[in-house]
S.K.: 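Encoded as structure tokens, here's the structure I'll be asking about.
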Amino acid sequence: AGMISPKGYRSIIVEARRRIMRILGIDPGLGTTGYGIIEERTFKLVEAGIIKTRANTPIQSRLKKIFDSLTEIIKDHEPGVLVLEKIYSHYKHPTTAILMGHARAAACLASGIHEIRLVNYPPTKIKKTITGNGHASKQQVQRMVQDILKLKDPPEPVDVSDALAMAISYCYMERIK
């Protein structure tokens with residue numbers, strides 16, 4: 001797996017620099033889905049944003065918009081891993097949980113179609129990994145994400161900081177293994 005120098009004295013082994021893996025965190029919501037992409041070892045922010053859908057639009061159109069947007073993000077950035085929060089039921093808000101489940105399914109489908117490893121972490125584990133407290137507030141998570149990624153301002157809205165927190169958690173948890 002190398003070349004011989006012109007005079008045949010030595011083998012020259014060409015080693016391509018290992019591409020730094022990109023991690024895509026997604027905070028799914030039917031109205032607003034946050035996403036964030038970071039580089040695994042450097043913790044460099046690549047891109048972050050939101051995918052918005054209108055409440056008065058049919059659900060199939062909303063899910064298609066989320067799926068198509070995620071597909072575009074995946075094609076543009078080629079993440080090696082997609083990270084989601086483990087689903088848990090909001091017993092006080094079952095409708096919200098069901099609607100979030102639809103958007104989450106669009107993210108899972110994008111992961112499956114594009115053959116990207118899917119990782120799920122419980123929300124308390126993400127918060128504990130980022131802040132040291134499994135019950136930290138969204139603002140505490142936002143500030144820690146800002147610090148870790150060396151951003152001038154906290155990532156807004158919280159859908160974006162939550163998505164970035166998921167991606168960062170993956171980097172920390174995989175490093176431990």
Side-chain angles (χ1 to χ4, degrees), residues 18-53 59-90 96-131 134 136 138 141-142 144-146 148-151 154-177:
R18 187 174 158 254
R19 188 169 169 267
I20 296 173
M21 184 166 67
R22 290 181 168 180
I23 316 300
L24 170 59
I26 298 174
D27 182 27
L30 196 54
T32 304
T33 290
Y35 71 91
I37 303 160
I38 63 168
E39 289 188 345
E40 182 185 31
R41 294 189 312 253
T42 62
F43 287 91
K44 184 181 146 218
L45 173 63
V46 177
E47 181 179 307
I50 56 171
I51 302 160
K52 287 197 81 64
T53 67
I59 190 163
Q60 66 272 25
S61 303
R62 296 173 83 180
L63 292 174
K64 182 179 183 323
K65 181 176 182 180
I66 293 166
F67 176 80
D68 290 346
S69 299
L70 291 175
T71 293
E72 197 175 301
I73 291 161
I74 289 166
K75 284 181 177 171
D76 286 352
H77 299 289
E78 301 178 345
V81 176
L82 192 153
V83 187
L84 289 170
E85 269 187 1
K86 257 192 184 139
I87 200 153
Y88 60 99
S89 61
H90 297 268
T96 306
I98 290 165
L99 294 175
M100 187 270 283
H102 291 316
R104 191 175 188 283
C108 292
L109 182 61
S111 169
I113 287 174
H114 299 287
E115 298 179 342
I116 298 168
R117 182 173 166 222
L118 179 64
V119 176
N120 296 277
Y121 296 129
T124 50
K125 192 162 187 174
I126 293 166
K127 289 176 180 179
K128 186 161 178 55
T129 302
I130 298 293
T131 68
K138 290 201 175 277
V141 171
Q142 232 173 355
M144 285 307 297
V145 167
Q146 178 187 1
I148 293 165
L149 299 180
K150 298 175 177 68
L151 305 174
E156 291 278 349
V158 292
D159 312 87
V160 171
S161 54
D162 285 355
L164 288 167
M166 291 173 214
I168 293 165
S169 294
Y170 172 84
C171 296
Y172 284 143
M173 289 194 232
E174 291 306 303
R175 205 179 273 173
I176 291 164
K177 289 179 182 173

S.K.: Quick check: do Y35 and I73 have side-chain heavy atoms less than 4.5 Å from each other?
M.R.: yes
S.K.: Check the angle between the aromatic planes of Y172 and F43 and answer parallel, tilted or perpendicular using the 30° and 60° thresholds.
M.R.: tilted
S.K.: With sequence neighbours excluded, what pairs up with K150 under the side chain to side chain contact (heavy atoms under 4.5 Å, CB included) test?
M.R.: none
S.K.: Between H114 and E78, is there a side-chain heavy-atom distance shorter than 4.5 Å?
M.R.: no
S.K.: For side-chain contact (heavy atoms from CB on, under 4.5 Å), just list the numbers for E85 and Y121, CA-CA rounded to whole Å, side-chain angles, deciding distance to a tenth of an Å, and then say yes or no.
M.R.: CA-CA 5 Å; E85 269 187 1; Y121 296 129; over 6 Å; no
S.K.: Between P79 and I23, is there a side-chain heavy-atom distance shorter than 4.5 Å?
M.R.: no
S.K.: Taking only residues two or more places apart in sequence or in another chain, which ones pass salt bridge (charged side-chain N to carboxylate O under 4.0 Å, His left out) with D68?
M.R.: K64
S.K.: Supply the atom-to-atom distance M166 CE to L164 CG, rounded to the nearest 0.5 angstrom.
M.R.: 9.5 Å
S.K.: Do I51 and T32 touch side chain to side chain, with heavy atoms closer than 4.5 Å?
M.R.: no
S.K.: Taking it one step at a time, do F67 and L109 satisfy side-chain contact (heavy atoms from CB on, under 4.5 Å)?
M.R.: CA-CA 8 Å; F67 176 80; L109 182 61; 3.9 Å; yes
S.K.: Side chains of I38 and C171, heavy atoms from C-beta outward: is any pair under 4.5 Å?
M.R.: yes
S.K.: Can you name the closest pair of heavy atoms from P154 and Q142 and give their distance?
M.R.: CB-CG, 4.2 Å
S.K.: Could you pull out all residues at least two apart from S111 that satisfy side chain to side chain contact (heavy atoms under 4.5 Å, CB included)?
M.R.: L82, I116, L118
S.K.: Any idea which heavy atoms bring A107 and I26 closest together, and the distance?
M.R.: CB-CD1, 4.1 Å
S.K.: CD1 of I126 to CD1 of I130: how many Å apart, nearest 0.5 Å?
M.R.: 8.0 Å
S.K.: Do the side chain of Q146 and the main chain of P155 share a donor and acceptor less than 3.5 angstrom apart?
M.R.: no
S.K.: Heavy-atom distance under 4.5 Å between the side chains of I168 and T129, does that happen here?
M.R.: no
S.K.: Please list all pairs meeting side chain to side chain donor-acceptor pair (under 3.5 Å) that have one or both residues in residues 161-170, counting only residues at least two apart or in different chains.
M.R.: R117-Y170, K138-D162
S.K.: Can you tell if the side chain of T71 reaches within under 4.5 Å of the side chain of K75, non-hydrogen atoms only?
M.R.: yes
S.K.: Taking all atoms of both residues into account, what is the closest heavy-atom pair of G36 and A163, and its distance?
M.R.: N-CB, 3.7 Å
S.K.: Mind jotting down which residue pairs meet the salt bridge (Lys or Arg N to Asp or Glu O under 4.0 Å) criterion with at least one end in residues 22-32? Sequence neighbours excluded, please.
M.R.: R22-E39
S.K.: Where is the tightest heavy-atom contact between E40 and I20, given as atom of each residue plus distance?
M.R.: N-CG2, 3.7 Å
S.K.: Are the side chains of R41 and M21 in touch, meaning some heavy atoms are under 4.5 Å apart?
M.R.: no
S.K.: Shortest non-hydrogen contact from V160 to A48?
M.R.: CG1-CB, 3.6 Å
S.K.: Apply side chain to side chain contact (heavy atoms under 4.5 Å, CB included) to L30 and list each qualifying residue two or more places apart in sequence or on a separate chain.
M.R.: I59, R62, L63, I66, L99
S.K.: Between K65 and T53, do the side chains contain a donor N or O and an acceptor N or O under 3.5 Å apart?
M.R.: no
